[in-house]
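Both backbone and side-chain heavy atoms feed into the values below; hydrogens, waters and symmetry mates do not.
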Amino acid sequence: YLGKLPGQILLMSAPPLPGRYAWRDIIEGARIRVRLLTGRSAYSFETALMRYMTLPVPMLFLRYPGEGAHQQVRNNVRVRSRLKAVAMMGPTVRVPVMVENISGDGCGLETDSVLGDVGRSFDLLLRIDLLGQADTLTQPCLIRNRRTRKGRYITGVSFACPETSMDATLRMALEAYLYEQIIAE
């Protein structure tokens, strides 16, 4: 997004098109659907291409949309990580996991096997370094989604199952860790 004239024009940088298509091949006036992700929000709207220009940078002049859809994608910023952790799936069942991303309200876990079905709860034992001091946190989690990537399972979990709430000290430690990671990036 580069700018706008409210009610008239949106000026956007031109993203690459799939395949062999190029913006110069799109006829002015053609209807297009725009989808964009910015911060924690996703937007989509229908519009018409008014003009495509290549200088000073590739950009699109779009008819100002009459309406659009907005959806908040995440409540908290996620930080990439590679933290080793243990999913406590039962009194005697411990599953090693890799925390691939983490936020104040959940994380993504990478595993060799399926942790469980959506809706299952478990405890996550997580060791984080905070200001050079190692701390072990135990946090109740709830499985929200699951997918596969390159033969591995990625499980999205939320912290603090509905029947519990996150301890204030644990939340402060987790938020301090997240801020430390954001600053380090």
Under 3.5 Å, is there a donor-acceptor pair between the side chain of Arg80 and the main chain of Ile102?
no

Counting only heavy atoms not in Arg31 (residues, nucleotides, ligands), do more than 12 fall under 6.0 Å from its CZ?
yes

Between Ser103 and Gly106, is there a donor-acceptor pair closer than 3.5 Å when you use the side chain of the first and the backbone of the second?
yes

Less than 4.5 Å apart, any side-chain heavy atom of Leu49 and any of Arg63?
no

Give the intermediate values and the outcome of side chain to side chain contact (heavy atoms under 4.5 Å, CB included) for residues Val114 and Arg146.
CA-CA 8 Å; Val114 174; Arg146 183 181 66 223; 3.2 Å; yes

Enclosure of Tyr153 OH (heavy-atom neighbours >12, cutoff 6.0 Å):
no

Under the side chain to side chain contact (heavy atoms under 4.5 Å, CB included) test against Leu125, which residue among Thr138, Val97, Leu137 passes?
Thr138

With distance as the sole test, does Trp23 use its side chain to make a donor-acceptor pair with the main-chain N or O of Met53 at under 3.5 Å?
no

Selection residues 46-55 - residue pairs positive for side chain to side chain donor-acceptor pair (under 3.5 Å), sequence neighbours left out
Arg33-Glu46

With no hydrogens and no angle check, is any side-chain donor or acceptor of Asp123 less than 3.5 Å from a backbone partner on Met88?
no

For a 4.5 angstrom cut-off between non-hydrogen side-chain atoms, does Thr155 reach Asn145?
no

Arg82: what forms a salt bridge (Lys or Arg N to Asp or Glu O under 4.0 Å) with it, not counting sequence neighbours?
Glu110

Backbone of Val99 reached by a side-chain donor or acceptor of Ser81 within 3.5 Å
yes

Between Val157 and Cys107, is a side chain to side chain contact (heavy atoms under 4.5 Å, CB included) present by the stated rule, with each step listed?
CA-CA 6 Å; Val157 302; Cys107 63; 3.5 Å; yes

